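For reference, the structure discussed in these notes is given below.
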Amino acid sequence: MTQYMGTVGAPTITDIEAIYDCDSICVLQCRASAPDASGKKLSETVRYIFVRDNFLSSSSGKPVYLDNIAGARYLDAQGKKEYCDRIIANGPNQYAYFLGISEPVDSF
């Protein structure tokens, strides 16, 4: 999160909640705030995407995970429902999209 926001210290994370969660994908939303190099407080709403690469996990014999952090508006209950409905409707294409925008997690 520090790298994503470009802040000096580790951001304070609040209002974290799962938007979508299944066996291969987890999408969280939260609010992050921290000071930048000049001391100005930066605040941002972000989504954290955590995805299991099923192909690499199967071929390597151990779980392989990827993740991504992206800015986004904070979703209310209706917004979360619509977001989940879109993921479900797009199925494999959505999974491929999440894999494509994510990078390998170095360690667990």
Side-chain angles (χ1 to χ4, degrees):
M1 193 68 72
T2 302
Q3 186 176 17
Y4 170 77
M5 291 183 68
T7 57
V8 175
T12 300
I13 306 298
T14 59
D15 300 329
I16 189 166
E17 64 179 320
I19 299 174
Y20 182 81
D21 185 23
C22 72
D23 61 342
S24 301
I25 301 167
C26 180
V27 180
L28 305 173
Q29 72 176 356
C30 67
R31 300 178 199 278
S33 60
D36 66 9
S38 66
K40 179 182 174 189
K41 183 179 178 180
L42 299 177
S43 294
E44 191 166 344
T45 300
V46 296
R47 289 204 188 114
Y48 175 72
I49 298 165
F50 188 70
V51 60
R52 181 178 190 266
D53 187 320
N54 293 324
F55 177 77
L56 290 179
S57 293
S58 178
S59 64
S60 70
K62 61 181 182 176
V64 175
Y65 296 99
L66 297 94
D67 69 353
N68 185 316
I69 298 173
R73 70 180 176 88
Y74 202 81
L75 299 175
D76 60 13
Q78 181 62 32
K80 288 187 284 189
K81 181 186 178 325
E82 291 169 2
Y83 187 83
C84 289
D85 290 347
R86 279 195 308 271
I87 290 174
I88 293 165
N90 291 328
N93 291 333
Q94 189 69 52
Y95 174 73
Y97 171 76
F98 285 146
L99 282 177
I101 65 169
S102 299
E103 296 181 13
V105 174
D106 291 334
S107 61
F108 224 95

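Computed over heavy atoms, backbone and side chain alike; hydrogens, waters and symmetry mates excluded. In this text the structure is predicted, and so the values were computed from the model without any measurement.
Rounding to the nearest 0.5 Å gives a distance of 8.5 Å between CG of Leu56 and CG of Leu99. A distance of 7.5 Å separates CG in Asp53 from OG in Ser59, rounded to the nearest 0.5 Å. The structure places CG of Leu42 at 4.5 Å from CG of Asp36, a figure rounded to the nearest 0.5 Å. Rounding to the nearest 0.5 angstrom, the gap separating the CZ atom in Arg52 from the OG atom in Ser58 is 8.0 Å.
Under the side chain to side chain donor-acceptor pair (under 3.5 Å) criterion, Thr14 pairs with no residue at all, not counting sequence neighbours. Partners of Gln94 according to the side chain to side chain contact (heavy atoms under 4.5 Å, CB included) rule, which considers only residues two or more places apart in sequence or in another chain, are Ile87, Asn90, Tyr97, Phe98. In this structure, the side chain to side chain donor-acceptor pair (under 3.5 Å) partners of Tyr48, at least two apart in sequence or on a different chain, are Asp67. For Lys62, the side chain to side chain contact (heavy atoms under 4.5 Å, CB included) criterion is met by Ser60, not counting sequence neighbours. Applying the side chain to side chain donor-acceptor pair (under 3.5 Å) rule to Asp85 yields the partners Lys81; only residues at least two apart in sequence or on another chain are considered.
Hydrophobic clustering (ILVMFWY, side-chain heavy atoms < 4.5 Å, transitive): Ile13 and Val27 are in distinct clusters. If you chain together hydrophobic residues whose side chains sit under 4.5 Å apart, Val51 and Val105 never meet in one group. At a threshold of 4.5 Å between side-chain heavy atoms, the hydrophobic network of Ile, Leu, Val, Met, Phe, Trp and Tyr places Ile69 and Phe50 in one connected group. One hydrophobic cluster, built from ILVMFWY side chains closer than 4.5 Å, cannot hold both Val64 and Ile49; they sit in different ones.
Scanning all heavy atoms of the two residues, the minimum distance from Leu28 to Cys26 falls at CD2-SG, 3.7 Å. The two residues Asn54 and Tyr95 come nearest to each other via the heavy atoms N-OH, 2.9 Å. Scanning all heavy atoms of the two residues, the minimum distance from Pro11 to Ala34 falls at CA-CB, 3.5 Å.
Using a 4.5 Å heavy-atom cutoff, the side chains of Glu82 and Leu75 are not in contact.
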Contacts under 3.5 angstrom, residues 15-23 side chains, donor-acceptor by atom type, not counting sequence neighbours:
from	atom 1	to	atom 2	distance (Å)
Asp15	OD2	Arg31	NE	2.8
Glu17	OE1	Lys80	NZ	2.6
Glu17	OE2	Gln29	NE2	3.0
Glu17	OE2	Tyr74	OH	2.9

